[in-house]
Engineer: 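To start, I am sharing the structure in question, which I have written as structure tokens.
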Amino acid sequence: MKRYYPWLMAVMGMLVLLVSNGLVITGLTAFDESLLREFGWSRSELKLRDLITLVLAGWTAPFLGVVIDKVGPRKLILAGLALLAALYAAYAHVHSLTHLYLIHLGFALVLVAAGLNVAVIYVSQWFVTQRGTAIGIALVGTSLGGMVFPKLGVHLLQGMDWRGAFLWEAGVPLACLLLALLLVRSPRPGGIAPWGADKVGAGAGRTASGLPDLGYRQALRTRTFWVLAFVAMTTFFSIMAVSANLFLHMRDLGFAPQQAGNALGLMFGLAMVGKFLFGMLSDLFPAKRVFLLNLAIMAAGAVVLATLRADLVWYSLVLFGLGWGGLYTMIQLLAVNAFGLAAAGRILGTITLLDATTAGLGIWLTAKIFDVTHSYQPAFVLICVLVALALLAATLVRDERARLVRA
């Protein structure tokens with residue numbers, strides 16, 4: 001059991017992301033129609049909540065990245081899950097936009113404390129080799145959340161009102177919190193060794209590959225950092241714009257609520273496959289090539305989605321989801337591989353600052369475009385352009401640690 005404990009930690013990373021990302025980012029979409037119907041808000045007024053969450057999460061991430069680097073991820077994960085449970089209970093008592101927006105300020109802290117960066121760093125600590133596969137397993141959680149919680153919301157709404165459904169779902173992060181209290185640990189001297197530590201010796205200040213880690217300021221001066229940041233900004237704008245508005249888009253196309261929930265499930269299911277599949281491929285082939293393939297697949301899906309054809313929408317979701325899933329894994333992996341773990345919290349936190357801001361903007365701007373034009377097509381065409389630009393920029397990624405050694 002001790003030998004395979006690192007893989008259990010990869011699964012724990014997956015469960016944490018399943019709950020945190022699933023409930024904050026995707027699970028809420030099942031309640032959109034109920035909220036719009038009860039309060040009479042416009043779509044852009046409702047989706048402003050997501051802009052608040054993601055922008056604040058992005059701007060908080062670099063500062064909390066310092067905390068991650070110093071105290072480790074365990075305490076942050078536990079605090080984030082506890083806060084998530086409290087906020088979901090508070091959601092059941094929403095009566096105004098102001099109240100809604102205040103809750104989403106709290107959701108930003110959840111995403112920082114128990115979200116992507118913490119999970120990636122936590123899992124990376126447990127793996128010297130096969131890190132790409134491990135990160136892929138952990139990031140499957142973000143896709144599982146998109147598959148599970150919209151469907152759970154639709155199911156609960158068939159038997160109760162939306163306020164009662166929120167109270168029921170508040171129990172999910174509490175259950176995950178108890179499990180994390182029992183299992184989540186970081187490697188320590190004399191304890192269980194990270195996977196692969198017995199096969200590859202790493203010298204002081206170097207990773208298993210023998211390459212030195214870059215400091216935070218060093219990373220900021222590299223081309224690769226800014227390329228990864230640009231790709232993250234453009235693609236996360238696109239990803240969140242589509243996922244947050246997909247349920248309402250499917251309803252506009254004439255699909256039933258259950259079919260709209262299934263559409264989210266399909267896209268996130270393929271994203272789950274992409275995270276795991278391309279994570280494994282990155283251990284077999286050059287990560288940059290896998291990265292470019294992900295972007296090409298995602299771009300193809302965006303083009304099909306922009307047609308607004310109901311008979312093609314399922315094909316677009318397959319391509320978009322598959323490419324997005326691999327991309328999600330590869331940005332994290334390329335950052336860790338390019339710069340090392342020494343300042344990973346601050347490096348990934350800064351990228352998160354930038355991509356979360358554009359992600360929140362994507363959700364709100366897409367809804368605003370719909371309010372003005374009564375169509376999602378202009379927003380989807382914009383997404384095609386952004387993903388194409390990301391594909392071109394990704395060709396400039398390089399291994400900065402290897403380049404430092406050669407210099």
Side-chain angles (χ1 to χ4, degrees), residues 4-27 73 77 80-81 84 110-111 114-127 129-152 172-173 175-176 179-180 183-184 195 232 235-236 239-240 242-243 261-284 287 290-291 293-294 297-298 301 317-336 348 352 359:
Y4 294 99
Y5 189 80
W7 293 103
L8 176 60
M9 294 302 94
V11 173
M12 279 305 304
M14 177 188 71
L15 291 177
V16 169
L17 288 178
L18 162 68
V19 173
S20 63
N21 278 40
L23 288 175
V24 172
I25 295 177
T26 53
I77 289 173
L81 292 171
L84 178 56
V110 172
L111 289 182
L116 181 64
N117 290 354
V118 172
V120 168
I121 293 169
Y122 172 67
V123 172
S124 295
Q125 290 176 343
W126 280 104
F127 288 85
T129 60
Q130 293 186 270
R131 183 177 287 161
T133 301
I135 291 176
I137 290 173
L139 295 188
V140 161
T142 59
S143 298
L144 279 176
M147 294 176 64
V148 170
F149 291 114
K151 288 187 176 183
L152 176 61
V172 175
C176 188
L179 192 60
L183 296 178
V184 170
W195 185 264
T235 56
F236 277 51
I239 290 163
M240 297 308 301
V242 172
S243 63
N262 289 338
L264 278 165
L266 175 66
M267 189 173 74
F268 281 94
L270 268 296
M272 178 183 68
V273 173
K275 288 180 175 72
F276 186 69
L277 173 63
F278 291 110
M280 288 193 301
L281 288 177
S282 69
D283 288 328
L284 301 174
V290 179
F291 190 41
L293 177 62
N294 294 153
I297 293 173
M298 184 177 169
L317 298 181
V318 168
L319 293 169
F320 198 87
L322 186 62
W324 159 34
L327 174 70
Y328 213 95
T329 300
M330 295 311 302
I331 288 177
Q332 313 304 314
L333 178 62
L334 285 168
V336 171
L348 289 175
T352 297

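Below, all heavy atoms of this structure are taken into account, side chains as well, without hydrogens, waters or symmetry copies. Worth saying up front: this structure is predicted, and the values here are computed from it rather than measured.
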Engineer: OG1 of T133 to CG of L281: how many Å apart, nearest 0.5 Å?
Structural biologist: 9.0 Å

Engineer: For residues L319 and G301, report the shortest heavy-atom separation together with the two atoms involved.
Structural biologist: CB-CA, 3.5 Å

Engineer: Ignoring hydrogens, what is the shortest heavy-atom contact between M240 and A359? Give both atom names and the distance.
Structural biologist: CG-CB, 3.5 Å

Engineer: How far apart are the C-alpha atoms of T26 and N21, what are their side-chain angles, what is the distance that settles it, and do they pass the side chain to side chain contact (heavy atoms under 4.5 Å, CB included) test?
Structural biologist: CA-CA 7 Å; T26 53; N21 278 40; over 6 Å; no

Engineer: Rounded to the nearest 0.5 Å, how far apart are CE of M9 and OG of S124?
Structural biologist: 14.5 Å

Engineer: Which distance, rounded to the nearest 0.5 Å, do you find between the CG of L322 and the CE of M298?
Structural biologist: 11.5 Å

Engineer: Taking atom CD1 of I135 and atom CD1 of I331, what is their separation to the nearest 0.5 Å?
Structural biologist: 12.5 Å

Engineer: Not counting sequence neighbours, which residues clear side chain to side chain contact (heavy atoms under 4.5 Å, CB included) with A114? List them please.
Structural biologist: V16, S20

Engineer: Would you check if I77 and V118 make a side-chain contact, meaning some heavy-atom pair closer than 4.5 Å?
Structural biologist: yes

Engineer: Please report the interatomic distance OG1(T142) to CE(M14), rounded to the nearest 0.5 Å.
Structural biologist: 11.0 Å

Engineer: Measure the shortest side-chain to side-chain distance between L327 and I297 over non-hydrogen atoms and say whether it is less than 4.5 angstrom.
Structural biologist: no

Engineer: Let me confirm one number: the SG-CG distance from C176 to L18, rounded to the nearest 0.5 Å.
Structural biologist: 7.5 Å

Engineer: Applying side chain to side chain donor-acceptor pair (under 3.5 Å), can you list everything that pairs with S243, at least two apart in sequence or on another chain?
Structural biologist: none

Engineer: Determine whether L144 and L17 satisfy the following criterion, side chain to side chain contact (heavy atoms under 4.5 Å, CB included), listing intermediate values before the conclusion.
Structural biologist: CA-CA 9 Å; L144 279 176; L17 288 178; over 6 Å; no

Engineer: Looking at G145 and P150, what are the two nearest heavy atoms and their distance?
Structural biologist: O-CD, 3.5 Å

Engineer: Minimum heavy-atom separation for F320 to V242, with atom names?
Structural biologist: CZ-CG2, 3.8 Å

Engineer: Hey, are the side chains of V290 and L333 touching, using non-hydrogen atoms and a 4.5 Å cut-off?
Structural biologist: no

Engineer: Please walk me through it: do F127 and V336 pass side chain to side chain contact (heavy atoms under 4.5 Å, CB included)?
Structural biologist: CA-CA 12 Å; F127 288 85; V336 171; over 6 Å; no

Engineer: Apply side chain to side chain contact (heavy atoms under 4.5 Å, CB included) to residues L264 and K151 and explain how you reach the verdict.
Structural biologist: CA-CA 9 Å; L264 278 165; K151 288 187 176 183; over 6 Å; no

Engineer: Taking all non-hydrogen atoms of both residues into account, name the closest pair between A287 and M330 and its distance.
Structural biologist: O-CE, 3.4 Å

Engineer: Applying ring-ring contact (aromatic ring centres under 6.0 Å, His included), can you list everything that pairs with F268, at least two apart in sequence or on another chain?
Structural biologist: W324

